[in-house]
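In listed order, ligands and their atoms are each counted from 1.
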Amino acid sequence: MGLLGAMMDRVRTPAASCCLGAVLVLDFATLPDASTVGEFKNSLFESGRRRCCGIWPGDYFVTRTDDGFELSQEWSGSYDMIHTRYSRYESGFWSPTREHDNVGMKIYAASTPYSAEESEAIRILLADRVAAEWDREIGARIRDSEWSRSRMLPLGYLHNAAAMLVLSGFVCSFLWVGDLWRSETRRDRRRRGLCASCGYPMDGLPEPVCPECGERVGERFA
Ligand SMILES: [Zn+2]
């Protein structure tokens, strides 16, 4: 409590309000677009344009062959397609605290829908193609049907904790307004010949001590 009190006394100054406020504004200004607040800021200054997060255009035409299916990036007479999508994005309130990583796959059958077994065969084919042509890890995830992943961002939590600390310091620092108000009141009461502490009229008292609250009056009244 003593330490907290000492910290409060140090922070309750106009200079501290300015410094901590400046830190908060700077932090807000440099916040990445990925978080809720960052996106709000982005919408204020860039009319709602969202940051794009790595869309991966891996689309193939699907053709039936005698022994299964074939995938090709050139049109091969079939309008059946398999679309893949990869996105990576961060989320959080102030600073981003989670990273998400999604792989998506969708089969469009122009005429006859594929059975579950056929869809599975196409998925395995796609996994091999993606691993060979684009990214081994993403290929492996399509093979294992691991569509979404997310991980914690420890630095984001650290950043948020620091921001909370600065914010509470900023709020506390405004106690100087109260201090100013109080000292103004005391000065005004003293000028009018009243007790600075409680406002009791001090004219004609034998002792320089307030009979109401016991405050000892300074040399002006002695
Ligand atoms: Zn008094």
Side-chain angles (χ1 to χ4, degrees), residues 1-53 88-101 150-222:
M1 200 58 213
L3 181 71
L4 198 68
M7 272 169 68
M8 291 275 273
D9 279 347
R10 188 151 300 179
V11 91
R12 60 202 290 169
T13 63
S17 298
C18 286
C19 285
L20 295 171
V23 169
L24 284 176
V25 168
L26 200 72
D27 198 29
F28 175 72
T30 54
L31 218 52
D33 299 342
S35 69
T36 306
V37 176
E39 202 184 322
F40 167 72
K41 178 191 70 177
N42 191 32
S43 73
L44 286 182
F45 297 110
E46 289 179 54
S47 55
R49 189 156 53 83
R50 265 201 78 137
R51 184 188 61 127
C52 183
C53 43
R88 186 196 287 269
Y89 62 97
E90 294 174 341
S91 68
F93 180 71
W94 183 261
S95 189
T97 46
R98 275 202 104 74
E99 187 189 77
H100 309 269
D101 192 334
S150 105
R151 71 183 184 94
M152 218 178 75
L153 300 171
L155 274 179
Y157 283 103
L158 214 65
H159 183 160
N160 285 345
M164 279 298 287
L165 213 65
V166 172
L167 181 67
S168 28
F170 179 67
V171 171
C172 290
S173 73
F174 279 94
L175 286 172
W176 66 262
V177 177
D179 295 345
L180 196 72
W181 174 262
R182 256 190 307 281
S183 68
E184 203 57 56
T185 310
R186 287 179 70 86
R187 205 170 303 137
D188 183 56
R189 282 176 177 162
R190 218 174 283 134
R191 206 166 37 232
R192 285 160 53 204
L194 309 172
C195 166
S197 170
C198 70
Y200 187 86
M202 298 291 281
D203 286 338
L205 286 175
E207 296 270 318
V209 176
C210 173
E212 189 71 22
C213 70
E215 164 135 327
R216 180 162 279 277
V217 180
E219 53 281 347
R220 265 192 65 187
F221 281 90

Side chain of R88, backbone of E99: donor and acceptor closer than 3.5 Å?
no

Got a salt bridge between R186 and E215, using NZ or NE/NH1/NH2 to carboxylate O under 4.0 Å?
yes

Ring geometry between W94 and F28 (parallel below 30°, tilted from 30 to 60°, perpendicular above 60°)
tilted

If you compare all heavy atoms of S197 against all heavy atoms of R189, which two are closest, and at what distance to 0.1 Å?
O-NH1, 3.0 Å

Is there a side-chain contact between T185 and R187 in this structure, where contact means two heavy atoms from C-beta onward sitting under 4.5 Å apart?
no

Is it the case that the side chain of S150 and the backbone of D101 share a donor-acceptor pair, with hydrogens and angles ignored and the cut-off at 3.5 Å?
no

Check for me: within less than 2.8 Å of the Zn ion (ligand 1), which protein N/O/S atoms show up?
C195 SG, C198 SG, C210 SG, C213 SG

